[in-house]
Amino acid sequence: MTDKFDKTPAASPAGPVSVSGGATTAPENIRAIPVRHVGRWISGAVVIGLLVALGYAFSQGDVQWHAVGDKLLDRNVVAGAGRTLLISILAMVLGVVLGVVLAVMRLSKNPVTSWVAWLYIWFFRGTPVYVQLLLWFNLALIFPILNIPFIYKDEMTDVMTPFMCALLGLALNEAAYMAEICRAGIQSVDEGQTEASHALGMTQAKTMRRVVLPQALRVIIPPTGNEFINMLKTSSLVYAVTYNELLRSTSQIGSTSYAVMEMLFVASIWYIVMTSVFSVGQYYLERRYARGSLRSLPLTPWQRVKANLASFSNRPSGGVSA
């Protein structure tokens, strides 16, 4: 014989509790006790201790901190920071334009243009920026006279000024990297987009300009912003061609005032400020171009702060109700 089972549903554990006389009482609140993460507290304490030790070491070093504050907004320093910003923007604009052209040449079915673009990228990515700057700076040793028939003729030393050497050195090197970034962005667009454009009678150039490139921007923009931030720091290498940018301006002040380390701190502060400002701009630019690929955009830093504050204010104080 088989045992008989009671098929009546059992009372829910969270349901009301019966007492004598038919009265019911509400269940007690469950007090949720969070898990204690001892390792987090220990690692946090170790990191804070290391930061305190580092700060104490710098406070005891032979550093004239008042000189850092005094020279932070010095006229020559501010002018050097402005020239750093100028050369970075111009070099980045030229690098992006030339990079797009090289990317299109690299993807071309013409073997000559494709091979020339590959050779350019291979050379400029294979040699250091510092070496390229020195090559442009000493170009007069090979070509004493710049002679473009019927257009322009002058001595190379007058043409290759420190500004021109810095601009060409940074821009042409950046173009090689931007060519690969743009090529990756163009290849990320589905080929069906190109086929549909050609079916509508659009030319190859118009398809690239009106269909492919706008969609490729979503892939191109993030690394381009990162390249510009890197350009701000790489611009310090133009010190080698005597262009009076931020690092050279601070070094000149440090050599005359014997505050070498202090002026290096000043230059570091300016670089951090500039890169931080453009990092914020890069974040919002990426967020804008992500609208076509994400269902919900990521929260901005201010929105995250408000959401965290709201979660703390809405947290119940008496535990979690059953």
Side-chain angles (χ1 to χ4, degrees), residues 46-95 124 127-138 160-174 177 223-283:
V46 170
V47 171
I48 292 176
L50 292 175
L51 291 176
V52 171
L54 182 64
Y56 177 77
F58 272 95
S59 66
Q60 298 301 311
D62 188 13
V63 180
Q64 302 177 12
W65 293 108
H66 64 88
V68 176
D70 294 340
K71 296 297 184 179
L72 190 61
L73 297 178
D74 185 83
R75 181 178 61 182
N76 294 328
V77 174
V78 174
R83 283 188 285 269
T84 292
L85 194 59
L86 174 64
I87 198 67
S88 300
I89 293 176
L90 292 178
M92 196 66 200
V93 170
L94 292 177
F124 282 95
T127 54
V129 184
Y130 189 80
V131 175
Q132 296 174 28
L133 289 168
L134 293 178
L135 287 174
W136 288 110
F137 188 66
N138 296 287
M160 285 299 164
T161 61
F163 174 80
M164 185 60 65
C165 293
L167 181 61
L168 291 176
L170 295 177
L172 297 182
N173 179 78
E174 184 62 33
Y177 291 91
T224 301
N226 189 60
E227 284 293 314
F228 178 71
I229 293 172
N230 186 58
M231 175 69 73
L232 285 170
K233 297 177 293 183
T234 307
S235 63
S236 61
L237 294 177
V238 302
Y239 184 103
V241 296
T242 68
Y243 182 66
N244 200 20
E245 42 76 53
L246 176 60
L247 181 60
R248 186 175 179 83
S249 299
T250 53
S251 298
Q252 289 176 345
I253 297 175
S255 62
T256 56
S257 62
Y258 301 103
V260 177
M261 288 298 298
E262 289 79 2
M263 296 312 300
L264 290 177
F265 288 148
V266 170
S268 300
I269 292 173
W270 271 101
Y271 282 120
I272 290 174
V273 170
M274 288 190 292
T275 54
S276 300
V277 170
F278 283 101
S279 295
V280 174
Q282 177 192 2
Y283 172 82

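Just so we're clear, the structure is a prediction, and the values are computed from it rather than from any experiment.
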Enquirer: Would you give the length of the straight line joining atom OG of Ser88 to atom CG of Asn230, rounded to the nearest 0.5 angstrom?
Expert: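 Rounded to the nearest 0.5 Å, the OG-CG separation comes out at 10.0 Å.
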Enquirer: Taking all atoms of both residues into account, what is the closest heavy-atom pair of Phe163 and Leu90, and its distance?
Expert: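 Closest approach of Phe163 to Leu90: CZ-CD1, 3.8 Å.
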Enquirer: Over all heavy atoms of both residues, which pair between Cys165 and Trp136 is shortest? Give the atoms and the distance, please.
Expert: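 So the minimum-distance heavy-atom pair works out to SG-O, 3.7 Å.
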Enquirer: Counting C-beta onward and ignoring hydrogens, is there a side-chain heavy-atom pair between Gln252 and Asn76 closer than 4.5 Å?
Expert: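 When only atoms from C-beta onward are counted, Asn76 and Gln252 do not touch, as no gap falls below 4.5 Å.
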Enquirer: Is it the case that over 12 heavy atoms from other parts of the model lie below 6.0 angstrom from the OH atom of Tyr130?
Expert: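 For Tyr130, atom OH is not crowded (no more than 12 foreign heavy atoms under 6.0 Å).
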Enquirer: Could you walk me through whether Val241 and Met160 pass side chain to side chain contact (heavy atoms under 4.5 Å, CB included), step by step?
Expert: CA-CA 10 Å; Val241 296; Met160 285 299 164; over 6 Å; no
Enquirer: Taking the side chain as everything from C-beta on, heavy atoms only, tell me whether Tyr243 gets closer than 4.5 Å to Leu167.
Expert: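 Heavy-atom side-chain distance check fails, nothing below 4.5 Å.
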Enquirer: Looking at every non-hydrogen atom in both residues, tell me the closest pair between Arg83 and Ser249 and how far apart they are.
Expert: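 Answer, listing the atom of Arg83 first, then Ser249: NH2-OG, 3.8 Å.
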Enquirer: How close do Ser279 and Ile229 get, counting heavy atoms only, and between which atoms?
Expert: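 Looks like OG-CD1, 3.3 Å.
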Enquirer: Would you mind telling me which of Leu246, Thr84, Thr250, Thr275 makes a side chain to side chain contact (heavy atoms under 4.5 Å, CB included) with Trp270?
Expert: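 Going through the options one by one, the only one that passes is Leu246.
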Enquirer: Below 4.5 Å, heavy atoms only, C-beta onward: do Leu170 and Val129 meet side chain to side chain?
Expert: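 Yes; the side chains approach each other to less than 4.5 Å.
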Enquirer: Only pairs at least two apart or in different chains count here, so list each ring pair (Phe, Tyr, Trp, His ring centres under 6.0 Å) that has a residue in residues 56-83.
Expert: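 Of all non-adjacent pairs touching residues 56-83, those that pass ring pair (Phe, Tyr, Trp, His ring centres under 6.0 Å) are Trp65-Phe265.
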Enquirer: A side-chain contact here means heavy atoms from C-beta on lying under 4.5 Å apart; do Leu85 and Leu232 qualify?
Expert: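 SC-SC contact between Leu85 and Leu232 confirmed.
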Enquirer: State the CD1-OG1 distance between Ile87 and Thr234, to the nearest 0.5 angstrom.
Expert: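 Result: 12.5 Å between the selected atoms.
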Enquirer: Report the distance from atom OG of Ser251 to atom CD of Glu245, rounding to the nearest 0.5 Å.
Expert: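 Here the rounded value is 8.0 Å.
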Enquirer: What is the distance from atom CD of Glu227 to atom CD of Gln282, rounded to the nearest 0.5 Å?
Expert: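 One gets 10.5 Å once the value is rounded to the nearest 0.5 Å.
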Enquirer: Keeping the roles fixed (side chain from Glu174, backbone from Ala91), state whether a donor-acceptor pair exists under 3.5 Å.
Expert: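 A pair under 3.5 Å: no.
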Enquirer: Please give me the minimum heavy-atom distance between Leu134 and Asn138, naming the atom from each residue.
Expert: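 Heavy-atom minimum between the residues: O-ND2, 2.8 Å.
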Enquirer: Apply the test side chain to side chain contact (heavy atoms under 4.5 Å, CB included) to residues Leu172 and Leu94: give CA-CA distance (whole Å), side-chain angles for both, the deciding distance (0.1 Å), then the verdict.
Expert: CA-CA 8 Å; Leu172 297 182; Leu94 292 177; over 6 Å; no
Enquirer: Distance-only, no hydrogens or angles: does the Gln132 side chain make a donor-acceptor pair with backbone N or O of Phe124 under 3.5 Å?
Expert: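 Pair found, side chain donor or acceptor close to backbone of Phe124.
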Enquirer: Roughly how far, to the nearest 0.5 Å, is OG of Ser235 from CD1 of Ile89?
Expert: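 Reported to 0.5 Å precision, the distance equals 11.0 Å.
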Enquirer: Between Val68 and Ile269, does the side chain to side chain contact (heavy atoms under 4.5 Å, CB included) criterion hold? Intermediate values first, please.
Expert: CA-CA 10 Å; Val68 176; Ile269 292 173; 4.0 Å; yes
